There are 2 protein chains.
Amino acid sequence: MPQRSVPTIEDVARVAGVSRSTASRALLGGASDLARRRVEAAARQLGYSPNPVARALASGSGLRIVVAVHGQHAGQLDDPYTTRVVAAIAGAVAAQGVGVSSRWLPFDGTAAQVLHELGQDRTVCGVVLVNTTEALLAALPRSLRGRVVSIGIGAPGVPCFDVDNAGAAHVILRHLYATGRRRIVMITGPGWLPCAQRPVTAYRDFMAAAGMPVRLVGGDFSARSGREAVAQILARWPDTDAVYAISDAPALGALAALHEHGVGVPHDIAVAGFDDVPLAEFSAPALTTASHPVERIAAAAATAVLAKRSAPVTMFASELIRRRSA
Amino acid sequence: MPQRSVPTIEDVARVAGVSRSTASRALLGGASDLARRRVEAAARQLGYSPNPVARALASGSGLRIVVAVHGQHAGQLDDPYTTRVVAAIAGAVAAQGVGVSSRWLPFDGTAAQVLHELGQDRTVCGVVLVNTTEALLAALPRSLRGRVVSIGIGAPGVPCFDVDNAGAAHVILRHLYATGRRRIVMITGPGWLPCAQRPVTAYRDFMAAAGMPVRLVGGDFSARSGREAVAQILARWPDTDAVYAISDAPALGALAALHEHGVGVPHDIAVAGFDDVPLAEFSAPALTTASHPVERIAAAAATAVLAKRSAPVTMFASELIRRRSA
DNA sequence: GTGAAAGCGCTAACAA
DNA sequence: TTGTTAGCGCTTTCAC
């Protein structure tokens with residue numbers, strides 16, 4: 001007597017000729033081979049798929065991944081990078097019936113408290129940290145153990161996923177060097193952000209190895225900071241022949257500023273960024289940059305949280321995108 | 001005997017001196033005034049907050065909002081606009097323990113089937129339609145009734161939320177007119193998208209009323225389409241003195257193209273967009289555009305889905321952002 | 001209006 | 001390894 005509603009695990013068990021619990025175990029991958037085969041067959045036959053809500057309630061696991069973004073202000077959640085991460089995860093987890101939501105982890109002492117709340121929250125199945133610092137990793141509540149990953153730096157028990165930004169820096173610097181640039185200024189990211197230091201270190205090493213001067217200007221990933229950096233650069237080092245920005249937004253800001261100052265790009269000063277944002281191709285001149293597979297990184301991080309297992313470190317390659325600006 | 005774990009509705013009921021069912025009703029807003037007051041007091045005292053997972057299982061309601069994006073290809077899910085919508089919802093629903101995921105609604109016949117799946121899916125509590133067409137609205141399964149809203153056009157039973165893009169078009173066109181432009185070309189959005197027709201209609205009306213020629217070039221919201229449009233424009237209407245693009249991306253593409261063609265902006269041709277994307281401020285020259293509160297719109301749509309009630313139409317104002325390009 | 005009881009669909013102790 | 005038995009925390013009939 002086929003019933004018209006969605007089949008439950010009870011139905012599967014009945015068809016497979018086992019108890020409900022055995023069916024459950026089999027579907028979770030933990031019964032005898034024979035049982036598992038029969039249960040799987042029954043499930044396939046009935047077109048069964050488990051109800052994640054019931055599963056979550058019974059196992060106490062939750063149904064949403066929270067993207068927890070550390071930063072100065074809540075506006076961080078709307079910034080283009082965070083936005084891409086969240087949206088990519090939203091697409092990646094759709095098939096498992098899971099959702100994503102986002103949360104700001106402030107700089108004042110409350111970040112740890114927010115993390116604690118997330119650990120207690122029965123609706124949360126995992127957390128993806130963005131813009132992680134060592135302090136934050138140290139403040140992770142044990143209630144989150146085993147279900148948190150990081151995009152950026154990691155820690156024991158906290159798998160991390162990120163683009164190989166040291167590698168990206170190298171690729172870009174080599175290109176600038178190969179095209180004759182020798183006085184290369186770098187516009188950095190915020191000093192508190194560990195993974196933003198990796199390209200800086202790469203830059204330092206590269207410049208030292210090549211016997212070229214280290215010239216750093218502070219920035220914060222914003223186009224505005226790139227524009228402001230240019231004023232400093234032109235004032236402090238008039239002989240600059242290249243600007244390498246930690247990401248495309250400041251690079252585009254720099255481009256705008258150089259244009260306003262009447263400096264020719266790439267003739268007088270070459271400009272390179274990092275990220276290959278959609279509009280990088282449409283600046284004047286088109287921006288030379290390096291790719292940053294944000295969507296793939298975010299999806300991998302989300303998948304790892306759900307699977308509750310992953311390699312401790314996963315790096316994604318970046319490649320040079322050569323255009324007109326350098 | 002205060003117990004250390006999170007309080008359940010059972011605890012609240014006990015403290016309030018009522019049965020569990022009365023407590024449940026009271027929290028849902030449906031008991032006697034007296035009971036409700038006592039239950040609310042007890043809940044406050046215990047710091048109780050309901051477990052959305054249990055609630056979802058019992059009521060069969062689901063715990064994620066699905067952003068369903070209609071479009072030509074799955075890449076639509078990664079486009080900057082969709083991305084902003086998804087991320088904004090992720091932030092807006094975090095407090096209610098809900099998550100977001102996204103789904104592509106293809107153009108081939110399968111969109112209706114996907115919607116049907118979403119209607120059956122026990123994890124889904126509501127759907128936010130993006131890039132809706134009339135055909136899509138007509139294909140909504142009844143299983144989704146009462147829990148779907150649209151960003152764009154709506155229908156009876158499907159509340160809609162959008163920026164007043166006809167108003168935005170007017171504001172921009174008036175500005176172009178006021179600054180002396182008379183031969184204004186519009187770069188449009190995709191023809192199949194109803195809400196992209198509103199600014200076109202506004203443009204037609206405006207031009208007709210002012211006795212100016214209607215000149216339309218097709219686009220698709222991409223910067224590339226803006227660039228390609230410029231080639232056509234220069235060839236077909238060499239006397240053009242302004243380009244109004246349906247959004248900032250094509251406007252920036254147009255800017256890049258005009259620069260390559262050696263056309264002076266705004267001297268020879270003024271350029272205006274719509275959206276005020278973060279980088280609009282950093283083009284050369286900085287882009288004149290109109291604001292588009294995507295985050296507020298998305299949050300309102302999500303809130304309405306969760307509340308299961310809303311005004312049939314909610315429009316958000318747009319304002320002129322005057323910069324250098326027009 | 002209220003309480004008792006029956007689920008929602010699944011996982012996880014506990015015995016066997 | 002398997003089946004039996006309790007729950008997970010809440011909503012929702014159903015009588016009263």
Side-chain angles (χ1 to χ4, degrees), chain A residues 3-40 42-43 46-64 96-98 120-125 143 147 306 308, chain B residues 3-40 42-43 46-63 96-98 120-125 308:
Chain A
Q3 49 178 55
R4 227 18 286 124
S5 66
V6 255
T8 74
I9 197 173
E10 189 82 54
D11 302 317
V12 173
R14 191 174 330 110
V15 170
V18 299
S19 75
R20 187 175 2 132
S21 19
T22 298
S24 171
R25 288 189 203 103
L27 293 168
L28 265 47
S32 65
D33 276 2
L34 177 65
R36 182 159 49 241
R37 254 191 301 278
R38 298 180 57 175
V39 169
E40 279 165 359
L46 293 173
Y48 167 81
S49 70
N51 178 342
V53 180
R55 183 174 274 188
L57 179 59
S59 62
S61 63
L63 279 171
R64 59 172 173 143
Q96 11 256 336
V98 172
Q120 301 297 99
D121 191 324
R122 321 288 302 256
T123 69
V124 174
C125 61
S143 52
R147 50 198 186 112
L306 291 182
K308 290 186 183 315
Chain B
Q3 48 179 58
R4 239 354 310 117
S5 65
V6 256
T8 73
I9 198 173
E10 189 80 55
D11 302 317
V12 174
R14 193 178 323 113
V15 170
V18 299
S19 74
R20 190 182 352 142
S21 16
T22 299
S24 171
R25 290 189 200 101
L27 293 169
L28 264 47
S32 66
D33 277 3
L34 177 65
R36 180 159 51 242
R37 255 192 301 277
R38 297 179 58 174
V39 169
E40 279 166 359
L46 292 173
Y48 168 80
S49 70
N51 178 341
V53 179
R55 182 173 277 188
L57 178 60
S59 62
S61 64
L63 278 172
Q96 9 256 339
V98 173
Q120 301 298 98
D121 191 324
R122 323 286 301 254
T123 69
V124 174
C125 60
K308 290 188 185 313

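All chains are named by letter (A, B, ...) in the order of the sequence lines, taking the proteins before the strands, and each is independently numbered beginning at 1. Everything quoted here is computed from the prediction, not taken from an experiment.
Two residues, B:Arg36 and A:Ala23, neighbour DNA chain C, and the one matched to the more 5' nucleotide by heavy-atom proximity is B:Arg36. Ranked by how close their nearest DNA chain C nucleotide is to the 5' end, B:Asp33 and A:Asn51 are led by B:Asp33.
A close approach under 4.0 Å does occur between a side-chain nitrogen or oxygen of A:Arg55 and OP1 or OP2 of C:dT11. Side-chain nitrogen and oxygen atoms of A:Thr22 include at least one within less than 4.0 Å of the OP1 or OP2 phosphate oxygen of D:dG3. OP1 and OP2 of C:dT2 both lie 4.0 Å or more from every side-chain N or O belonging to B:Ser19.
Nearest to the side chain of B:Ser59, among D:dT2, D:dT12, C:dT11, sits D:dT12. Distances from the side chain of B:Leu57 to the nucleotides C:dG9, C:dG3, D:dT12 place C:dG9 closest. Ranking D:dA6, D:dC10, C:dA12 by closeness to the A:Arg20 side chain, first place goes to D:dA6. When the nucleotides C:dA12, D:dG9, C:dG9 are ranked by their closest atom to the side chain of A:Thr8, C:dG9 comes out on top.
The interatomic distance linking A:Glu10 (CD) with C:dG7 (C1') rounds to 13 Å, in whole Å. Atom CZ of B:Arg14 and atom C1' of C:dT2 are 18 Å apart (whole Å). Per the geometry, CG belonging to B:Leu28 stands 14 Å off P belonging to C:dT2, to the nearest Å. Between B:Leu63 atom CG and C:dG9 atom P there is a gap of 15 Å when expressed in whole angstrom units. To the nearest angstrom, P of D:dT2 lies 14 Å from CD1 of A:Ile9.
The residue A:Arg122 sits close only to the backbone: its heavy atoms come under 4.0 Å of sugar-phosphate atoms, none of a base. Across all strands shown, B:Ala35 has heavy atoms under 4.0 Å from sugar-phosphate atoms exclusively, and none from any base. Heavy atoms of B:Ser24 sit under 4.0 angstrom from at least one base atom. Using a 4.0 Å heavy-atom cutoff across all strands shown, A:Val18 reaches sugar-phosphate atoms only and no base atom.
Distance alone, capped at 3.5 Å, places no donor-acceptor pair between the B:Arg25 side chain and the B:Gly30 backbone. With A:Arg122 contributing its side chain and B:Ala54 its backbone, the two residues share no donor-acceptor pair below 3.5 Å.
Between B:Tyr48 and B:Leu27 the shortest heavy-atom distance is CE2-CD1, 3.7 Å.
For A:Ser21 and D:dT4, a side-chain-to-base donor-acceptor distance below 3.5 Å is present, hydrogens and geometry of angles not being considered. Judged by distance alone, with hydrogens and angles left aside, B:Arg25 brings no side-chain donor or acceptor close enough to the base of D:dT11 to form a pair under 3.5 Å.
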Passes side-chain contact (heavy atoms from CB on, under 4.5 Å), B:Val53 versus B:Leu63? Steps please.
-> CA-CA 7 Å; B:Val53 179; B:Leu63 278 172; 3.8 Å; yes
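Between A:Pro50 and A:Ile9, the closest side-chain pair of non-hydrogen atoms is not below 4.5 Å.
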